[in-house]
**Q** 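Dumping the structure here so I can ask a few things about it.
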Amino acid sequence: MSKPTSADALQMAENFSADGTPQNAEIWSGGHINTSFRITFSENTPPRRYLLQRINAHVFPQGNLIMENIRRVTLHVFGMLQSTGVQNMERHFLSLVPTKQGGFCVQDADGHFWRMYPWVEGTQTKLQVETTGQANSAAFAFGDFLRLTADLTHPPLHTILPDFHHTPKRLQALQEAVQSNPKNRLDSAADALALVEELTPDACILQTLLDQKQLPWRPVHNDTKISNVLFDATNQEALCVVDLDTVMPGSALHDFGDMARSMATRTPEDGRNENGDWVEAKVDTELFAAVCHGFLQGAGDSLAALEKQHLLLSAQALATELGARFLMDYLLGDTYFGITRPQQNLERAQTQLGIAKEFLQRKEELEKVAFMG
Ligand code: GN1
Ligand code: MG
């Protein structure tokens, strides 16, 4: 699949009803799947900026359903925030820019959907948590998102990617990749595969509780990593959660677990710091406490008692699941998650599995921290 260029993005931006003419397009890195550009429109003082995104049609074949979900969720959140008198609304939720044809997305000749949001000025995104305050505030924002969207159930949101966080199915898919072994990479993956085996029994408990309907199903974000939060650049407060592509019915514990594996650590997602040095996978107790407390506070009484009791288990499950997904992609030849260096998916897997192991080994100590919320 070829990547769109800045020239493609500028041409695409013409389709949206924004002020002025698209003048400059910079590629905006961040996600592993979609392609994003920051577009500056001229004839405005100061120049107005937007985020233009191409939804990857191979991963998301039903881009139109994603857009229906996003439209519904953003309108609903807007209404909720408005009714509580939130100030500077445009900094607290995403709003889709309409197209000149009257919809909210445009499909290109290759079948990919494109959409555009106003750029929220004065904000920052982070690949990693720097302070406990940021972890607490980001976790509050994701918890609050669950609370704000809890009643979007009639009809349910579209299921964009079925079984997205079905951990046993993800682990099964990894075993199938091991069997097919198309790139002969089993030797380098051996240690990670052994770790998956060790983590598997505990990682599957969450799905059993969901299958038994002990845990509820509800609208959830499904991709609650730190880089999906906009922070106020001045006071470092989390303003708004972004990347709503996978918002669909799921478990609040999927959101918590994914957040904990991403925010309760100082280890980069792929295990390499900015100098390229390897950083051991570690869970940071204070960050974990900040994530638990922020999430519980943000979600408020929209969480069931049993959900609150399984925070740590979900962190273990989601870290194992993502480790297995990265490992599977490594074995299959890096076709799903974008990479910038050859072993990146293997190192992402090793890191996530290392984090899962930390959650498992330090279970008693960390469970106390979670319950103190
Ligand atoms: C992918 O594309 P991005 O960065 O928003 C993935 C998530 C993973 C995440 C890991 C649709 O998200 O599930 O947790 O990478 N999204 C999809 O960084 O598979
Ligand atoms: Mg995403």
Side-chain angles (χ1 to χ4, degrees), residues 1-2 31-34 56-62 111 159-212 222-223 225 245-246 248 250-251 253-254 257-258 261-262 267-272 278 280-281 313-361:
M1 178 189 57
S2 65
H32 300 324
I33 290 165
N34 294 333
N56 179 329
H58 299 289
V59 172
F60 296 113
Q62 292 177 301
T159 291
I160 301 299
L161 298 171
D163 295 326
F164 190 57
H165 284 308
H166 192 299
T167 308
K169 286 193 182 172
R170 293 292 194 179
L171 293 169
Q172 179 58 35
L174 170 63
Q175 292 315 320
E176 284 159 23
V178 169
Q179 292 309 316
S180 63
N181 186 23
K183 299 284 169 184
N184 284 315
R185 291 181 173 177
L186 285 182
D187 284 351
S188 49
D191 289 352
L193 284 166
L195 200 45
V196 170
E197 205 177 313
E198 187 184 331
L199 293 163
T200 290
D202 287 75
C204 294
I205 299 173
L206 179 59
Q207 186 60 44
T208 306
L209 295 173
L210 287 164
D211 290 342
Q212 293 169 345
N222 276 312
D223 191 5
K225 59 184 179 181
D245 294 332
T246 47
M248 60 182 153
S251 164
L253 289 177
H254 294 149
D258 199 24
R261 68 96 201 149
S262 159
T267 310
E269 188 175 82
D270 66 357
R272 298 268 166 201
W278 181 248
E280 216 52 54
L313 183 87
S314 74
Q316 236 171 274
L318 272 282
T320 305
E321 177 189 296
L322 186 59
R325 292 176 64 199
F326 284 143
L327 194 55
M328 172 176 141
D329 199 32
Y330 173 69
L331 292 178
L332 295 181
D334 308 303
T335 58
Y336 186 92
F337 295 105
I339 53 167
T340 52
R341 53 188 172 80
Q343 302 264 306
Q344 196 172 18
N345 272 324
L346 176 60
E347 294 187 346
R348 283 172 177 154
Q350 289 164 335
T351 300
Q352 297 311 309
L353 296 168
I355 288 174
K357 186 163 179 175
E358 276 262 298
F359 279 127
L360 183 62
Q361 283 180 333

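Worth saying up front: this structure is predicted, and the values here are computed from it rather than measured.
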**Q** With side chain to side chain contact (heavy atoms under 4.5 Å, CB included) as the test, would you mind laying out the steps for Ile160 and Thr246 before giving the verdict?
**A** CA-CA 7 Å; Ile160 301 299; Thr246 47; 5.7 Å; no

**Q** How far apart are the closest heavy atoms of Leu346 and Ser188, and which atoms are they?
**A**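 Residues Leu346 and Ser188, closest heavy atoms: CD2-O, 3.7 Å.
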
**Q** If you look at every heavy atom in Cys204 and Leu171, which pair is closest and at what distance?
**A**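 Heavy atoms of Cys204 and Leu171 come nearest at SG-CD1, 3.8 Å.
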
**Q** Minimum heavy-atom separation for Leu195 and Gly354, please, with both atom names.
**A**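 Taking Leu195 first and Gly354 second, the nearest heavy atoms are CD2-N, 4.2 Å.
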
**Q** Could you measure the distance from the CD atom of Gln316 to the CZ atom of Arg261? Nearest 0.5 Å is fine.
**A**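 Gln316 atom CD to Arg261 atom CZ measures 15.0 Å (nearest 0.5 Å).
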
**Q** Between His165 (side chain only) and Asn222 (backbone N and O only), is there a donor and an acceptor less than 3.5 Å apart?
**A**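 It does hold such a pair.
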
**Q** Within this structure, what is the OG1-CD distance for the pair Thr351 and Glu280, rounded to the nearest 0.5 Å?
**A**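 If I round to the nearest 0.5 Å, the distance is 8.5 Å.
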
**Q** Check Arg348 against Phe337 and note the closest heavy-atom contact, atom names and distance.
**A**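 Here Arg348 and Phe337 meet closest at NH1-CB, 3.6 Å.
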
**Q** Report yes or no: does Gln344 contribute a side-chain atom to a donor-acceptor pair with the main-chain N or O of Thr340 at less than 3.5 Å?
**A**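 Side chain of Gln344 to backbone of Thr340: a pair is present.
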
**Q** With distance as the sole criterion, is a donor-acceptor pair present between the side chains of Asp245 and Asn34 under 3.5 Å?
**A**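 Asp245 vs Asn34: donor-acceptor pair found between side chains.
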
**Q** Please name the pair of heavy atoms, one in Ala317 and one in Leu206, separated by the smallest distance, quoted to 0.1 Å.
**A**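 Smallest heavy-atom distance, with atoms named: CB-CD2, 4.2 Å.
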
**Q** What distance separates Ser262 OG from Gln352 CD, expressed to the nearest 0.5 Å?
**A**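 Nearest 0.5 Å value for the OG-CD distance: 8.0 Å.
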
**Q** I'd like to know whether CD of Gln212 has more than 12 heavy-atom contacts from other residues, nucleotides or ligands below 6.0 angstrom.
**A**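 Yes.
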
**Q** Would you name the heavy atoms of Ala356 and Thr320 that are closest together and state the gap between them?
**A**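 It is CB-OG1, 3.3 Å.
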
**Q** According to the side-chain hydrogen bond (donor to acceptor under 3.5 Å, both in side chains) rule, which pairs have a member within residues 200-210, sequence neighbours left out?
**A**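 Found Gln207-Asp211.
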
**Q** Tell me, please, which residues at least two apart from Gln361 pass side chain to side chain donor-acceptor pair (under 3.5 Å).
**A**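 Applying side chain to side chain donor-acceptor pair (under 3.5 Å) to Gln361 gives none.
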
**Q** Could you tell me which residues satisfy side chain to side chain contact (heavy atoms under 4.5 Å, CB included) with Ser180, sequence neighbours excluded, listed by chain and number?
**A**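 Counting only residues at least two positions away or on another chain, Ser180 forms a side chain to side chain contact (heavy atoms under 4.5 Å, CB included) with Pro182, Leu332.
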
**Q** Is it the case that His32 and Glu269 place a side-chain donor and acceptor less than 3.5 Å from each other?
**A**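 Per modelled atom types, His32 and Glu269 side chains form a pair under 3.5 Å.
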
**Q** What's the spacing between Leu331 CG and Leu193 CG if we round to 0.5 Å?
**A**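 Going from CG on Leu331 over to CG on Leu193, the span is 6.0 Å.
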
**Q** Between Thr159 (side chain only) and Leu161 (backbone N and O only), is there a donor and an acceptor less than 3.5 Å apart?
**A**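 No; zero donor-acceptor contacts below 3.5 Å.
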
**Q** To the nearest 0.5 angstrom, please state how far the CG atom of Leu318 sits from the OG1 atom of Thr167.
**A**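 OG1 of Thr167 is found 6.0 Å from CG of Leu318.
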
**Q** Would you indicate whether the side-chain heavy atoms of Trp278 and Gln350 approach each other to under 4.5 Å?
**A**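 Yes, their side chains come closer than 4.5 Å.
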
**Q** State the CG-CZ distance between Leu174 and Phe326, to the nearest 0.5 angstrom.
**A**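 Reported value, rounded in 0.5 Å steps: 13.0 Å.
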
**Q** Got a sec, which residues hit side chain to side chain donor-acceptor pair (under 3.5 Å) with Thr267, two or more places apart in sequence or on another chain?
**A**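 Partners of Thr267 by the side chain to side chain donor-acceptor pair (under 3.5 Å) criterion, ordered by chain and then number, come out as Thr265.
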
**Q** Do the side chains of Tyr336 and Ile33 get nearer than 4.5 Å, heavy atoms only?
**A**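 The answer is yes; the side chains approach within 4.5 Å.
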
**Q** Is Asn345 reaching over with its side chain to a backbone N or O of Asp329, donor-acceptor style, under 3.5 angstrom?
**A**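 No, Asn345 side chain to Asp329 backbone: no donor-acceptor pair under 3.5 Å.
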
**Q** Does anything in residues 333-346 form a salt bridge (charged side-chain N to carboxylate O under 4.0 Å, His left out)? List the pairs, not counting sequence neighbours.
**A**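 Counting only pairs at least two positions apart or across chains, the salt bridge (charged side-chain N to carboxylate O under 4.0 Å, His left out) contacts touching residues 333-346 are Arg185-Asp334, Asp270-Arg341, Arg341-Glu347.
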
**Q** Please check if the side chain of Asn181 supplies one atom and the backbone of Asn184 the other of a donor-acceptor pair under 3.5 Å.
**A**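 Confirmed, Asn181 side chain pairs with Asn184 backbone.
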
**Q** Gln175: which residues meet the side chain to side chain contact (heavy atoms under 4.5 Å, CB included) condition with it, sequence neighbours left out?
**A**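 By the side chain to side chain contact (heavy atoms under 4.5 Å, CB included) rule, Gln175 matches Val178.
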
